[in-house]
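Note that ligands are numbered from 1 as they come in the structure, with each ligand's atoms numbered from 1 the same way.
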Amino acid sequence: MGPQAAHAHHDKVTSQMTLSERADALEEQMMHDLETVVTKSVLANLMDGRVEMAGGAALQSKYPGKYFNMGADPRLPPMPEKPTLLDYFKNRFASTNHLLQSGALALKNGHSEKVVLACLLHDIAVVSFIRCDHGYWGAQMIAPYVDEEVSEAIRMHQALRFFPDESMGYAYPDMYVKYFGKDYKPEPYIVEEYKRARNSKYYETSRLICVNDIYAFDPNAQVNLEAFEDVIGRNFKQPKEGLGWDNSPSAHMWRTIMWPTRFL
Ligand SMILES: [Fe+2]
Ligand SMILES: [Fe+2]
């Protein structure tokens, strides 16, 4: 069955529909236009507030004559065969300004290349993958490719952000009061992480991420990714197979970001 026949099955977008019905109908229409059936993982549904998944058989009967997507999602920017960290920056990171500005501030403050890299990558989980526990996810993503100082500092910054250290020039962020309310208290596991971080040999590096992690830093300043190519080149071990194809302990995370709608 060709695409024309498949079109007959979907609901038409009409003016009587609510906004969310329209969105669903448009999404469905778009899905019918694709060569393959792209699928949402349960996690994506959980984030929409639903404990749900579509079964394979039911999905396939909705899109007759099509196979499930087992590779690149045609809706996303294509990735090269052997992607580098820079390719992910350009094609998968939803926002890079905060990372580039934090990295630029660390450079300006004269910190070591490891600190600069840690600042540049500290929120990569947020911009490419997941917010919740972003320090842990981000650290795992990069651990095989960077010095332990960089990944450990990134893991710990999530907790350290909630605790001031005046001796290093870090106060509790006003932004957190605005975002979470003045009575917000970090979870006990974050408090424990903070205590461990205080005794870590990478405490200072992690604290420097917090110090350079400033959203208000000149919103008009445009920092180019190119400014960090050398630092990345010297401090990020780019796998020759391409990031995601290298069988490192976190390669699957990069593949998931590259091809997020594979059926399996
Ligand atoms: Fe962060
Ligand atoms: Fe940040």
- Message: Among Q158, H98, R131, exactly one meets side-chain hydrogen bond (donor to acceptor under 3.5 Å, both in side chains) together with D123. Which residue is that?
- Response: H98
- Item | Salt-bridge contact R207-E204 (side-chain N to carboxylate O under 4.0 Å) | no
- What N/O/S atom of H98 gets nearest to the Fe ion (ligand 2)? NE2
- Is any NZ, NE, NH1 or NH2 atom of the basic residue among K40 and D48 found under 4.0 Å from an Asp or Glu carboxylate oxygen of the other? yes
- Between E113 and R234, does at least one N-O distance fall below 4.0 Å, as a salt bridge requires? yes
- Note: NE2(H122)-the Fe ion (ligand 2)-OD2(D213) angle, rounded to 10 degrees, equals 80°
- Message: Quick check for you: with the Fe ion (ligand 1) as the vertex, what angle do NE2 of H157 and OD1 of D123 span, to 10°?
- Response: 100°
